[in-house]
Amino acid sequence: MISAGKPGQKETTLVWLRDDLRIRDNPALHAATLRDGAVVALYVLDDESDGIRPLGAASRWWLHGSLERLGDALAALGVPLVLRRGRSREVVPAAAIAANAGAVYWNRRYGSAEAAIDRDVETTLTEHGCAVETFAATLLHEPWTLRPASGPHYRVFSPFWKAALDQGEPRKPLGAPDIRNRRAFPLDTDVLADWKLRPTRPDWSGGLAETWRPGEEGARDRLEDFLDGGLEGYAANRDRPDCHATSMLSPHLRFGEISPFQVWHAVRSGEPGNDAEKFLTELGWREFSWHLLFHNPDLASVNFQKKFDAFAWRDDRTSLEAWQRGRTGIPMVDAGMRQLWHSGWMHNRVRMVAASFLIKNLMIDWREGEAWFWDTLVDADAANNPASWQWVAGSGADAAPYFRIFNPVLQGEKFDPEGRYVRTWVPELEGVPDRMIHKPWKAGASGSGGDYPQPIADLGETRRRALSAFKDLPG
DNA sequence: TGTAGTTTCTG
DNA sequence: AGAAACTAC
């Protein structure tokens with residue numbers, strides 16, 4: 001039972017943090033600071049509740065770093081970060097009671113299992129006389145505020161994004177709160193290290209640590225670096241994996257270390273033009289994915305287009321493993337898969353090429369690829385990941401048509417013309433001349449290096465196989 | 001944010 | 001001959 005407190009006693013406000021691991025532009029935290037009394041932050045590691053998708057290994061690695069940074073930042077504000085593990089429906093009310101909280105605030109989430117948990121927690125807290133307030137923080141547009149004239153939700157990106165833009169400028173970001181010198185009373189907390197979010201025995205995380213700095217400061221630096229060049233050339237170079245033309249903000253956005261509102265206005269305050277529009281459109285795809293997931297909670301497991309349910313995917317563990325390990329013999333695909341394994345990230349263009357190879361050339365179920373990305377990407381996002389895989393498969397909303405099959409050789413020649421990207425991740429190919437770098441099997445004895453494998457699939461043959469198989473889909 | 005095969009244009 | 005345009009998948 002939460003006591004109303006002695007008359008005049010200032011009540012604690014509990015802020016339940018989830019996918020919003022930042023102190024700036026955090027509406028729930030900000031609102032808590034406007035109240036009298038202490039503020040306590042809570043993070044719950046919940047792998048147990050029904051319908052919750054446990055984090056992949058790369059995401060767990062990231063979470064550790066992000067919580068570490070967040071704990072420091074909150075401590076500097078005089079806000080303790082309390083860590084608890086277990087079912088949110090029980091853990092959150094228990095923490096609220098222990099903190100003698102008069103109010104619990106959080107920023108909304110949009111997965112169906114998560115939203116159901118949040119509704120139940122709200123009910124329980126309200127029954128205990130605890131005030132609950134929730135805020136919009138993670139998406140520019142609440143998924144239910146955008147509605148097409150007909151149908152339950154948008155299925156095509158362009159009209160969706162047009163409707164979003166018609167809603168006007170997103171709100172301005174909030175600054176950092178300042179709430180020092182309010183005494184919170186001490187609450188039991190888990191020790192982060194005990195959660196064992198980071199690998200121990202074989203520590204595969206070296207490449208992640210080289211590449212990333214989880215946390216709000218790392219996010220801000222990444223955004224500043226990206227905007228320093230004024231976005232110049234983004235539209236032209238964003239498809240070039242051999243250039244540093246993309247923002248690499250995805251994992252920071254995923255964990256809410258930076259908000260889309262901050263990104264939006266940072267971009268808007270710069271030079272307007274095609275580069276800025278193009279980049280903001282990428283935020284739009286993120287919004288679209290969440291719009292789709294909100295209206296289709298099983299997006300990660302069920303074909304958006306039902307006619308794909310009948311499709312006979314190939315069961316081929318050997319090829320799947322070759323793909324996962326970057327040993328398909330197709331340089332562009334292997335470079336991407338190795339970049340992913342090493343750094344927890346893959347360039348967007350290469351994601352499309354690697355996914356297309358798995359789905360179309362190998363004809364392996366897109367869910368296998370989605371699951372691998374979920375485990376290995378630091379930006380693994382519950383909406384973006386399945387929406388994008390279904391996009392490539394052709395089973396999704398506004399998806400690429402079945403006959404759009406990427407040729408990894410042509411894609412390589414177009415977007416990695418000197419093979420710099422491929423050579424970075426596939427060192428066996430170092431000695432192959434530029435002309436042959438994306439098709440070393442044709443280089444003969446002069447070229448292909450060491451123990452680099454022969455292609456596990458003939459691109460032409462498997463393309464024709466996919467075309468005829470997908471053509472047989474009903475409708 | 002497709003490819004491949006074919007036709008048509010151009011120097 | 002090679003680019004550009006066109007079209008089916």
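Just so we're clear, the structure is a prediction, and the values are computed from it rather than from any experiment. What you see below is based on every heavy atom in this structure, not just the backbone, and it leaves out hydrogens, waters and symmetry mates. All chains are named by letter (A, B, ...) in the order of the sequence lines, taking the proteins before the strands, and each is independently numbered beginning at 1.
Not less than 6.0 angstrom separates the ring centroid of A:F415 from the ring centroid of A:Y421. Ring pair A:F357/A:W323: centre-to-centre distance not below 6.0 Å.
Counting non-hydrogen atoms under 4.0 angstrom, A:R463 reaches a base of the nucleic acid. Residue contacts for A:Y402: at a heavy-atom cut-off of 4.0 Å it reaches the sugar-phosphate backbone alone, with no base atom in range. Using a 4.0 Å heavy-atom criterion, one finds that A:K360 contacts no nucleic acid atom at all.
Residue-to-nucleotide proximity on DNA chain B shows that, of A:G460 and A:W285, the 5′-proximal contact is made by A:W285.
Between A:Q411 and B:dT1 there is no side-chain N or O to OP1 or OP2 distance below 4.0 Å. One finds no side-chain N or O of A:R404 lying less than 4.0 angstrom from the OP1 or OP2 phosphate oxygen of C:dC9. Proximity of A:K414 to the phosphate of B:dT1: a side-chain N or O atom is located under 4.0 Å from OP1 or OP2.
Following rounding to the nearest Å, A:Y234 (OH) and B:dT1 (P) show an atom-to-atom distance of 13 Å. Regarding A:N384, its CG atom lies at a distance of 15 Å from the C1' atom of B:dT1, rounded to whole Å. Between A:N361 atom CG and C:dC9 atom P the separation is 20 Å, expressed in whole Å. Protein atom CG of A:L467 is 19 Å distant from nucleotide atom P of C:dT7, rounded to whole Å. Look at CD on A:Q390: it is 23 Å from P on B:dT1, rounded to the nearest Å. A:F357 places its CZ atom 16 Å from the C1' atom of B:dT3, with the value rounded to the nearest Å. Rounded to an integer number of Å, the gap from A:E413 CD to B:dT3 C1' is 13 Å. Atom pair A:L459:CG and B:dT3:P shows a separation of 11 Å (rounding to whole Å applied).
Nearest to the side chain of A:N407, among B:dT3, B:dG2, B:dT1, sits B:dT3. Counting only heavy atoms from C-beta on, A:L410 has its side chain closest to B:dT3 among B:dT1, B:dT3, C:dC9.
By the 30° and 60° cut-offs, the orientation of the rings of A:H153 relative to A:H291 is perpendicular. Taking the six-membered ring for Trp and thresholds of 30 and 60 degrees, A:W425 and A:H342 have ring planes inclined between 30 and 60 degrees apart.
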Exercise. Could you check A:F135 against A:Y105 for ring-ring contact (aromatic ring centres under 6.0 Å, His included), going step by step and ending with a plain yes or no?
Key: CA-CA 8 Å; A:F135 303 84; A:Y105 289 176; 5.5 Å; yes
